[in-house]
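These notes are about the structure you will find just below.
Here is the naming used below: chain letters follow the sequence lines, and residue numbers restart at 1 for every chain. Any value given below was found using the heavy atoms of this structure, including those in side chains, with hydrogens, waters and symmetry copies removed.
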Amino acid sequence: MLFRALSPFSYWEAKSISEANEILFSNGKKAALLAGGCSLFPQMKNGLTKPEVIVNITTIEGLRFIEGNRDEGLRIGSLATLRDGEKSPALRQDYGSLFDAITQIASVQVKNMGTIVGNITEGTPASDVATILTALGAKVKIVGLGEDKIVPLDSFYVHVRKTILEPGEMITEILVPPLPDGTRTAFLNLAKTKEDPAKVNVGVLTRVVDGVCEEARIAVGAVAPVIIRAKKAEAILQGEKPEPSLIAKAAEAARDDKGVRPITDIRSTAAYRKEMVEVLTRRALHKTFQITTH
Amino acid sequence: MQEELRVVGKRVPVKENFDKVQGKADYCATITLPGMLVGKLLHSPHAHARVVSVDTSRAEGLQGVKAVVTKKDDPRKIFTWNVMTYQLPDGEPQDQYIFDDVVRYVGEPVAAVAAVNEEIAKKAVDLIEVEYDVLPAVFSVEDAVKKGAPRVHDTAENNIGAPPTPVFCYGDVEKDFSESDTIVEGVFSTSKQSQAGLENAGCVAEWRNGRLTVWSQAQLPHMTKRMIAQALDIPESTVRVIQPFAGTGFGAGTDLCPEPYACLLTMKAGAPVKVALTRSEDLRMRFTREHIVRVEMKMGVKKDGTPMALKAKYTGDAGAYMGKILSGCGVALASNITEYEFKSMYQEIEAIYTHHLACGAMRGFGGMQSTFAREILVDEVCEKIGMNPIEFRKKYHRGVGGLGWFPDTKISSCGLDACLDVGAERIGWKGKWQGWGAKKEGIRRRGVGVAAMGWLSGAQPMLLEHTNATLKFNSDGTCTLIGSPGLLGQGVLAAHCQIAAEVLGIDYDDVRPLTPQDTDITGFDIGTHASRGCYCIGRAVEKAAQQARELFLERASKKLGVAADALDIKERRIFCKDDPEKGIEFREIAQDTIYSFGKDCRQITVNATIEPTEFAPPWQAGFAEVEVDTETGVVEVIKMIIAHDIGRAINPTVVEGQLEGGQLQGIGFALFEDIIISSENGVNLTDSFNKYKIASMLDCPDHEALLVELGDPTGPFSAKSCGESGIFLQAPAIANAIYDAVGIRLRDVPMTPERVLAALKNKSSTQTN
Amino acid sequence: MQKIPATFFVNGDRYDLMIDTHALLLEVLRDDLGFKGVHESCGEGDCGACTVLVDGVAVLSCLTLAAAVRGKEIVTIEGLAKGSDLDPIQNAFVKHGAIQCGYCTPGMVMAAKNLLNENPHPSREEIKKGLAGNLCRCTGYNKIIEAVSDVAKGGK
């Protein structure tokens with residue numbers, strides 16, 4: 001036929017996770033996994049990747065689910081779409097900041113097709129969903145030919161578009177921890193337009209018990225090759241009463257974190273991004289603390 | 001204004017939209033011909049290189065490849081993609097070959113392949129071996145004019161495409177500056193916007209039996225035909241341009257793009273060839289908005305605001321070829337004359353070659369850039385003399401009989417005062433504008449801004465605006481309207497049908513526009529540019545309809561035995577004005593013209609030619625309300641209003657649609673649209689919709705286009721233009737609103753959060769120092 | 001190159017054909033089956049011009065592998081009218097002037113169909129959110145929003 005945007009590849013439809021693992025393993029780097037296609041096909045069209053084998057996993061039963069609640073934690077199956085996330089009452093009611101990060105993705109079609117797991121597996125440090133999941137302390141379940149692994153998201157990324165996934169491995173689900181009493185979360189980002197990847201994004205989780213911040217997790221995206229945790233800022237808040245001056249100090253610490261090493265590119269400048277880490281962190285912390293201290 | 005109009009002024013549906021909404025309309029992208037081949041281009045990866053050799057042998061050896069073309073196949077006739085060059089007696093500069101010995105921008109085609117399918121064509125492109133002698137390149141006008149800078153063209157010393165040239169100056173500016181009480185000035189920069197229509201650049205060409213048919217997105221089909229013939233060195237009548245619907249426009253179709261390559265391929269392959277560019281190729285190759293990279297402007301006024309002197313210089317970054325940069329700068333200059341009654345003006349233009357993609361045209365051609373500079377300076381002047389910015393504009397704009405864009409032209413109508421009034425009312429100016437220096441507090445601060453402009457309805461008398469329109473009547477009293485405006489979705493065909501139906505006293509449904517348009521059928525027409533579709537072509541349609549009306553009345557007069565001038569036509573019936581009962585159906589006369597059986601067969605087909613001389617400026621006031629986040633620099637447009645002096649809206653829905661569409665493009669221009677080209681290697685870093693952002697529905701603020709209908713003595717049913725006008729005032733009105741909100745003056749478009757924040761910091765550091 | 005048998009139910013009709021495994025749904029619909037109303041623009045998921053419904057859900061046919069949706073119900077713009085009667089969304093688009101160049105229109109209408117299937121009475125904000133994946137360069141969106149609101153008010 002006249003037009004074909006993709007180059008030929010060998011196409012497989014996996015019936016089980018283990019079948020997918022085997023095809024992926026035996027083809028090594030030549031193989032790619034297909035779920036939503038929203039990142040794979042643009043990359044193929046742009047020549048960024050040229051898989052010779054594609055394994056469609058949408059044919060595997062039992063991977064499209066979102067289950068749980070804030071007391072038990074949330075489990076997101078690898079075929080749950082972004083739209084499933086947007087529609088999930090558990091996600092919307094109990095994990096509002098994750099809902100915020102998903103629902104602000106502009107394209108309904110992309111949300112219909114793209115999976116939550118696919119979004120975070122792409123490995124772009126600008127992923128809004130990955131940033132908030134990092135703040136939430138999410139882990140991913142990795143299934144390969146060997147033992148299953150459960151890895152925290154903040155150790156999952158190696159570099160831009162590089163993760164710890166080995167040939168033959170895939171994520172089968174995301175495990176989001178429960179949110180004990182006093183826990184609040186917030187997600188904020190800045191982008192050129194509503195449809196553009198973030199210039200900077202920030203996800204925050206805080207837990208306040210008896211007026212004292214018992215836990216703080218701050219994740220920052222698009223300021224380094226991988227999503228980072230602003231650990232100094234977290235430490236500043238830990239065990240303290242969340243006053244505005246303390247929050248301001250923590251936000252500055254987030255900005256000055258050595259992990260924050262943004263670049264200048266078509267979307268923004270390094271200086272702007274760095275500065276916005278402070279503004280967004282402060283605003284996100286205000287959001288979580290104000291709501292709790294209210 | 002004429003009363004009792006039955007068709008004109010009505011919100012009738014645009015006929016071709018029934019096909020479009022069902023996916024039945026044809027575009028270059030959807031056209032498939034039997035035996036059609038797929039064409040692919042090989043682009044230069046270098047911004048500047050000598051093409052030493054192109055080895056196509058391996059590509060040609062590939063099964064399924066039907067033609068490979070390189071500079072060997074180019075008849076080597078100098079030409080330009082800018083088909084509008086023929087609108088000037090001496091033309092605009094021509095400096096292109098289909099394939100040259102030197103490539104001058106990243107993405108310039110070096111060879112092209114036609115094959116039985118896309119996969120083979122792509123493979124063949126990969127098999128072409130090009131030896132380049134890579135040369136140093138320049139990526140800014142500042143660098144380009146430095147001594148010893150690499151030359152883009154051997155013939156252009158210091159890369160000067162056109163040296164600073166004063167145009168249309170009058171009075172003594174130096175004297176008037178010395179007599180001014182207040183002088184403001186600034187250097188402004190604007191971005192290289194992409195037209196970014198949703199259909200990527202593409203065309204189909206078929207060489208058959210010695211004729212070349214080209215399905216093109218051209219906005220100017222007849223001049224496209226001429227330019228293709230010139231480039232290929234074949235007689236003009238050999239070429240036929242068919243325009244299906246174009247999924248783009250806004251100026252994109254005023255330049256060629258894939259056409260020359262598709263034509264060379266089909267002539268070699270002997271089979272039809274489609275060249276459909278990807279979005280990335282479109283953004284790398286399609287001539288962009290005229291890139292007036294720098295505007296230097298200075299204005300002086302008296303204490304009471306009386307405009308004294310205006311001086312300006314417009315510097316164009318031509319890119320690799322002259323394209324439309326000179327006319328772009330020229331329009332920036334000419335359009336700047338009309339707005340205010342300055343005692344003297346001195347303006348000059350210059351154009352400089354660089355190794356960027358060349359410039360074409362985009363909606364708001366040239367006027368975007370001068371309006372941005374002028375309307376901000378007017379705001380500054382108003383602050384300095386303590387005048388309300390609406391009052392200044394009302395008091396000092398030119399009016400009827402005043403000087404138009406070009407020497408010896410006169411303004412035929414002006415509704416700007418009314419535009420300023422209705423716009424101010426709708427935005428709530430009175431409550432929201434708190435005077436100069438009003439204190440605003442908080443992290444998020446709101447402000448309002450105003451701007452104004454006058455545009456044109458066709459570029460006469462400066463440019464040739466020759467237009468023909470034909471009406472061909474059927475035996476049932478309906479007719480076909482044969483014209484050639486270019487089918488960009490302007491909706492102007494609806495207006496044309498309304499004009500014809502109104503004149504003829506028949507129904508809107510009785511007039512059917514010819515689509516697709518075909519230069520073998522349509523009479524000569526310039527096509528669509530410079531907001532001329534309704535005004536210029538509409539006048540030709542009006543004239544043709546008047547001629548047809550006379551022929552119908554003449555015939556009816558014989559039938560009824562009544563003098564023709566005693567007859568009128570309404571609701572498809574010809575009748576005696578004095579005795580309305582006496583009459584005959586329009587349809588019966590039409591039938592008689594065709595089935596007359598030995599008496600007087602004569603199908604009524606009339607053609608009318610128009611060469612308009614008046615330019616009927618439409619005027620506009622724009623009002624922006626914004627909220628500036630002082631911590632992030634994000635500017636949110638709360639409301640954007642434009643009030644437009646349309647003369648009369650032939651079809652208000654269509655007019656609003658044009659203005660609203662321009663409005664969102666104007667907001668994009670103001671805030672985020674920007675083609676970013678690497679200053680290291682000339683690569684376009686924004687070659688996808690993922691990187692070159694246009695507004696989605698979520699980026700669409702509350703915006704509105706209000707129509708002011710006060711008529712114009714020259715337009716068809718007193719209509720003026722609207723096609724380009726929607727886009728001008730967002731950038732200056734938003735800039736002025738930002739000043740009102742947070743007290744910073746921005747001079748660069750797009751006004752990104754990064755720039756806003758930097759300006760805010762700059763302001764606070766100057767204040768504390 | 002691998003070819004596999006495929007069955008698609010497009011606009012209610014069954015099509016059995018052999019497809020390339022690397023063919024995109026857009027290419028099969030437009031080039032193999034002749035549904036030329038399925039328009040391609042960005043090719044990367046940014047514009048929505050190629051939107052079709054697969055099993056009732058709006059997807060981008062330029063990023064959907066045809067092989068992966070074998071056996072599914074597909075609706076293209078050509079499938080909305082019932083005989084000569086246009087869908088209410090189509091009528092509203094024409095009436096409100098929500099169409100200019102028309103290149104985005106099929107995808108926009110399909111996205112509107114998807115939205116109204118899920119939410120028959122969307123608010124203005126919900127319409128904007130529901131159609132945010134479809135770029136239109138011509139209209140400034142106002143008239144599209146009006147057209148969809150009009151249909152929503154009509155209860156259809």
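- Taking each heavy atom of A:R4 and C:D20 in turn, the nearest pair found is NE-OD2, 2.8 Å.
- With a 4.5 angstrom heavy-atom cutoff, C:L24 touches chain A only via side-chain atoms.
- C:N134 and A:Q109 share a donor-acceptor pair across their side chains, judged by distance under 3.5 Å alone.
- Neither the backbone nor the side chain of C:C42 comes within contact range of chain A; no heavy atom of the residue lies under 4.5 Å from a heavy atom of that chain.
- Within 6.0 Å of CZ on A:R92 lie no more than 12 heavy atoms contributed by other residues, nucleotides or ligands.
- Side-chain atoms of A:L6 and C:L65, non-hydrogen and from C-beta on, do get closer than 4.5 Å to each other.
- In this structure, CD on C:Q2 lies 10.5 Å from CD1 on A:I54, to the nearest 0.5 angstrom.
- You'll find the side chain of A:F3 stays beyond 4.5 Å of the side chain of C:L26, heavy atoms only.
- Listed here is the closest heavy atom pair of C:A68 and A:N56: CB-ND2, 3.4 Å.
- Side-chain contact between A:Q43 and C:E44 is absent, with no heavy atoms from C-beta onward closer than 4.5 Å.
- Using modelled atom types, no side-chain atom of C:D31 and backbone atom of A:L2 make a donor-acceptor pair closer than 3.5 Å.
- For A:S39, no part sits under 4.5 Å from any heavy atom of chain C, backbone or side chain.
- Of the listed residues (C:R30, C:E40, C:K129, C:K128), the one with the most heavy-atom contacts under 4.5 Å to chain A is C:K129.
- The candidate from A:N46, A:T59, A:I105 with the greatest count of non-hydrogen atom pairs under 4.5 Å with chain C is A:N46.
- Only the side chain of A:K111 comes within contact range of chain C, judged by heavy atoms closer than 4.5 Å.
- Heavy atoms from other residues, nucleotides or ligands lying under 6.0 Å from OH of C:Y15 number more than 12.
- In this structure, chain C has a heavy atom under 4.5 Å from the side chain of A:L34, while its backbone stays farther away.
- Inter-residue side-chain proximity for A:Y11 and C:H22 is flagged as unmet; no heavy-atom pair is nearer than 4.5 Å.
- Side-chain atoms of C:E27 come within 3.5 Å of backbone N or O of A:A5 as a donor-acceptor pair.
- Residues C:L63 and A:K45 come closest through the heavy atom pair CD2-NZ, 4.2 Å.
- For the atom pair CG of C:D46 and CD of A:E195, the computed distance is 5.0 Å after rounding to the nearest 0.5 Å.
- Within the 4.5 angstrom heavy-atom criterion, only side-chain atoms of C:N114, from C-beta onward, approach chain A.
- Few gaps surround NZ on A:K15; more than 12 heavy atoms of other groups in view lie less than 6.0 Å from it.
- When all heavy atoms are compared, the tightest approach of C:A132 to A:A106 is CB-O, 3.4 Å.
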